Amino acid sequence: MIKNKLALFGGKKVRNKDFLNPWFFDKKETKAVLSVLKSNELSGFLAFKGKKFFGGKKVLELESAFEKHYKIKHALAIQSATAGLHAAIAACDLEPGDEVICTPYSMIASATAAIMHNAIPIFADIDPINFNICPKSFKKLINKKTKAIIVVHLFGYPAEMNEIMKIAKDNNIYVIEDCAQAPDALYRNKFVGTIGDIGVFSFNQNKTITCGEGGIVLTNNNELAKRLELIRNHGEVVVDKYPVKSISGIIGYNYRMTEIEAAIALEQFKKLKKLNNHRIRLAKYLTQKLKKFGDLFQLPATGCEKCLNDCKSKHVYFVYPFKYNCKVLNLSRDLFAKALQAEGFPVTIGYLRPIYLEPMYQKLKAYGKKGFPFKGPHISKKIQYKKGIAPVCERMHFKELLFTNICRYPLTEKDMDGFVEAIQKIIKNVDEFKK
Ligand SMILES: *Cc1c(COP(=O)(O)O)cnc(C)c1O
């Protein structure tokens, strides 16, 4: 056997070891959970007028920690980011058939949240450098039905918030920030999630900090905060006791967080800075190493390269995204990625397919058999989600984008070196693909 043969063709892998898992739980979480158990109060919520309407001790503590850190008036713990996005759309009190501008390149909930409130997601295209919603594309889609935009800070990099906020303000559009992948990311020195009307964070098992399932919603707007509290906890039964300007949209879900989740999230939140710094350190190291491959890759946008020196933006590298140029090795992205995977390294081909290609959008089937909410008397034009509506997103997904999740705790520079070595090996042996 040839010593350097690619693992894809039966050669020896560059790496045989599994990657250590990313979770960072220690005595602090254990102690926090036990103390909740001992208190006998696993959830402090009651859907009844009074103090308990707002949740238990740990929930309130978690909320204060977020309010303090993000210098925001209101933080509300919630069951998941999906619940948070739905509650956010409901809080904005949209009419059925109102339009919500969404990015097609995200986790599905970043658009489906609108449908959960009978609003219609309209997909803008993305920016080919940072993969976030493109402000120009957003602007083009605005009409009198447009009431909100859900901006996702994808992969940990902030979207172009200045332009987005300006367009939104000029057109009276709510801005909801989906920060599930970008806790503590900065956009021009401002924390994401504090720039728009509402910011939503996730603590699910696969996020930077986790309590299993959970999330938190931030807002500086008192009226929206009141509505969010009511939506979280069966608000329709107490809405007359906690007055809001309009009772519509207060259908009242159970989106409450348990005390155990809150206790874990609180300990995890204390570790966020350390976990992010770990990601940033390894990502910068990897970028430095990958530069030697020249045009083969386009490496992640970092605040400072894109906006020169004044931007003070911060990428938190939820994953490490990079674009692959198939012309350099005359090898397709997918084959390149399969070769890298075979050498023992996690690399994902594209991300999730453009949201509008999912069957619910293609078949226009959400509620019942007649196409509601995409069709009906509340809709004044034909809604359809054709392939090709977001060509940049499709190009990234189907042709150019790759990402790896190795820039994270508890991995080290040595793990990055292995990744680079595997790429080197593929380049050196690229002729094997021709056989
Ligand atoms: C994970 C994720 C969500 C959903 O979070 P949950 O807490 O699992 O509901 C939403 N948006 C983005 C961008 C995500 O990555």
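These figures come from a predicted structure and were not determined experimentally. Scope of the values below: all heavy atoms of this structure, side chains included, with no hydrogens, waters or symmetry mates. Just so you know, ligand 1 is whichever comes first in the structure, and atom 1 is the first atom listed for that ligand. Residue indices begin at 1 and follow the sequence shown.
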### Query
Who are the residue neighbours of ligand 1 when the rule is a heavy atom under 4.0 Å from any of its atoms?
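The answer is S80, A81, T82, S106, M107, S110, V152, D178, A180, Q181, S202, N204, K207, G214, counting any residue whose heavy atom sits under 4.0 Å from ligand 1.
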### Query
Considering residues at least two apart in sequence or located in another chain, which fulfil the ring pair (Phe, Tyr, Trp, His ring centres under 6.0 Å) criterion with Y324?
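Counting only residues at least two positions away or on another chain, Y324 forms a ring pair (Phe, Tyr, Trp, His ring centres under 6.0 Å) with F336.
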### Message
My understanding is that only residues two or more places apart in sequence, or in another chain, count here; which of them pass ring pair (Phe, Tyr, Trp, His ring centres under 6.0 Å) with F24?
### Response
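Checked F24 against ring pair (Phe, Tyr, Trp, His ring centres under 6.0 Å); matches are Y409.
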### Task
Could you list the residues that satisfy side-chain contact (heavy atoms from CB on, under 4.5 Å) with D415, not counting sequence neighbours?
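side-chain contact (heavy atoms from CB on, under 4.5 Å) list for D415, sorted by chain: R15, F19, L411, T412.
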### Query
If you measure from the Lys or Arg side-chain nitrogens to the Asp or Glu carboxylate oxygens, is any gap between K226 and E229 under 4.0 Å?
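Result for this pair is yes, salt bridge flagged.
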### Message
Quick check against the 3.5 Å criterion: does N132 have a side-chain atom that pairs as donor or acceptor with the backbone of L154?
### Response
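At least one qualifying donor-acceptor pair exists.
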### Any donor-acceptor pair under 3.5 Å from N254 side chain to R256 backbone
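Pair found, side chain donor or acceptor close to backbone of R256.
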